[in-house]
Amino acid sequence: MSEQSKIQSMMQEKRLFEPPTEGQDKAWVKSIDEYEALYKQSMDDPDGFWLNRTKDLLTWFKDPTKGSTSDLNKPEVKWFEDGTLNVAYNCLDRHLTDGRRNKAAIIWQGEPDEDVKVYTYQMLHDEVNKFASVLKKKGVKRGDRVALYLPMVPELSIAMLACARIGAMHSIVFAGFSAMSLQNRIQDCEAKVLVTADAVLRAGRTIPLKPNADEALKDCPTVSSCVVVNRAGSDAPMQSGRDTWWNDEMAADDLGFVEPEKMNAEDNLFILYTSGSTGKPKGVVHTTGGYLTYVASTMQYVFDMQDNDVYWCTADIGWVTGHSYIVYGPLANGGTSLMFEGVPSYPAPDRFWQIVDKFKVNIFYTAPTVIRALMREGVEWTQKHDMSSLRVLGSVGEPINPEAWMWYHEHIGASKLPIVDTWWQTETGGIMMSPMPYATTLKPGSCTRPLPGIDAAIVDSEGVEVPANEGGNLVIRKPWPGMLRGVYRNPDRYKSTYFERFPGMYESGDGARRDEDGYFWVMGRLDDVINVSGHRMGTAEIESALVSHPAVAEAAVVGMPHDIKGESIYAYVTLSAGIEESDELIVELRTHVRKEIGPIASPEAIQFAEGLPKTRSGKIMRRVLRKIAAGVFDEFGDTSTLADPAVIDVLIDGYHEIM
Ligand code: WTA
């Protein structure tokens, strides 16, 4: 389906799904009236609302007396600034005395079905303390950075919480990123320690990881130690003096309880790099008190997490969804979080449903791209398992098209379960717009309404709110506790990316419309960021990777609609003088991008183009390239400023040759 017709079908979507009545009386938010009262209270008195909320949800060493002291014009954002707390204490220690000591905190399901580990709160607490001692022995102090480049193994959660305990910032790099990407991120944040693994188990294969770490560390002088988790029992090369095995470190007999650091609410918690429309990925910074309050709060509102629930978010912790909704949100609430190492289709396309059945999962949170891929495999895979334990389903990462929504509702949700379509971003820390499962009437394809505390609006290019059903820029007009506090060591970029275009507001970069009922319909990015299988990729990053290959003179990358991935990467490449076009070169360019950024950035289509559509002032007209990549050849808009309009026909011919 073309992008246009997808948007059309969403605009015509009129079906309504009422919230379930069964279980409503036990829910955190029981009715739409209750939602509306909370929302009103949060808008009338944001400070009072959030101070109450944080005291209800978290345990502070010193209670904050102030809500927010923020000015989005500057921008300056602070929440709870006179309070002190520790994230690991909130996620672990306090649950040792609130009746949850022997409750499962993390159930880890490895890729091989027999690889299961269950960590009770007591066990997780002890492991985190041990690893916090290890980090301290390695000289990591409050404020230092620790890079984590790991697959979905329990050690990743343990290392995160150990950092939080001693006040060090973690910077997690998704294990699918290349050595170069890891190196850039380590260099940017000047990490002292790297934690990695020998290898990744994926779809039945063992993929070495340590060699990437070694390659990256060739030029990372700040890293003095590298701790290696032995996941696959493979023979990873170890550099003496720098590299040690996780198990050896954790077996030392001088490890023990580590006093949790008393952090100020505004002290940094972590950095997570994310793609923007220009330049290299930026290090989004989140702080302690506001972030934890926000993820704990949304965990309740959106997933209605209750004490007996088994909750499963299928994301990778390398992305923000895993940070907020596998680790911090669930554990702050004393919940049971399932962590899964494998993929949806291995050994067979019922892997997810088999796991739901195996652990009697109650709350299940995944991405539209997964739903679309599994939908294609056929309903018979869903029918092989008892999924009657489920009560809430969630979606994140990209707009969910009504077809995928309906399939999810019917075949996973037995035509009765609520689906929470959650809109948010790395920068927002937690979910911003979403239904509340027992309160909100659903419309397939809409993330419905903003959560309490979130003042979302759609504005035109002047920052003026547009009428209902008109598209525009999605902005947030009030600070909220979970919002990013900076781009690491780059205040100018922080300001210019999010706060300059619309003074006094946070600019999300997404386009959306709000319908006559106040429901939001997010359409996707307005900038040069593409969303491949729910993962954000900057076109500029991929272009610079392509151009760094000697055969390439110039490159322009756009997103093209893709049935399963949502979008995929389409690259127009102009070769350097004297270089011949060939199929081998296409393969080589793909390999080159994989090496520079990682497999997720590898272009689906590469078209050799002698010229690109440039204006007389030399700017590439990207909308023309986007249309051609989408197979749409008649909606180019005004092309009169092109230096050479004939280039368009040549590009269309090129499209037909490769597609
Ligand atoms: C997109 C992921 C529509 C959006 C949590 C946003 C969505 C970007 C939704 C952030 C949704 C995420 N409906 N679009 N429910 N959820 N997006 O930083 O374009 O990896 O700006 O955070 O994903 O991606 P990020």
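Just follow the structure's listing: the first ligand is 1, and inside any ligand the first atom is 1. Counting begins at 1 with the first residue of the sequence. If you're wondering where the values come from, they're calculated on a predicted model, not measured in any experiment.
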* Asked: Asp460: what forms a salt bridge (Lys or Arg N to Asp or Glu O under 4.0 Å) with it, not counting sequence neighbours?
  -> none

* List, ordered by chain and residue number, the protein residues whose closest non-hydrogen atom lies under 4.0 Å from any atom of ligand 1. => Val320, Thr321, Val396, Gly397, Glu398, Pro399, Asp421, Thr422, Trp423, Trp424, Gln425, Thr426, Asp510, Val522, Arg525, Asn531, Arg536

* Structure fact -> Residues at least two apart in sequence or cross-chain that pass salt bridge (Lys or Arg N to Asp or Glu O under 4.0 Å) with Arg449, listed by chain then number, are Glu36

* Asked: Can you list the steps and then say if Phe270 with Tyr291 is a side chain to side chain contact (heavy atoms under 4.5 Å, CB included)?
  -> CA-CA 10 Å; Phe270 66 82; Tyr291 172 81; 3.5 Å; yes

* To do: Flag the pair Glu567 and Arg525 as a salt bridge only when some basic side-chain nitrogen lies within less than 4.0 angstrom of an acidic carboxylate oxygen.
  => no

* Looking at residues at least two apart in the chain, or sitting in another chain, which of them share a salt bridge (Lys or Arg N to Asp or Glu O under 4.0 Å) with Glu427? -> Arg536

* To do: State plainly whether the residues Arg626 and Asp528 are in salt-bridge range, i.e. N to O under 4.0 Å.
  => yes

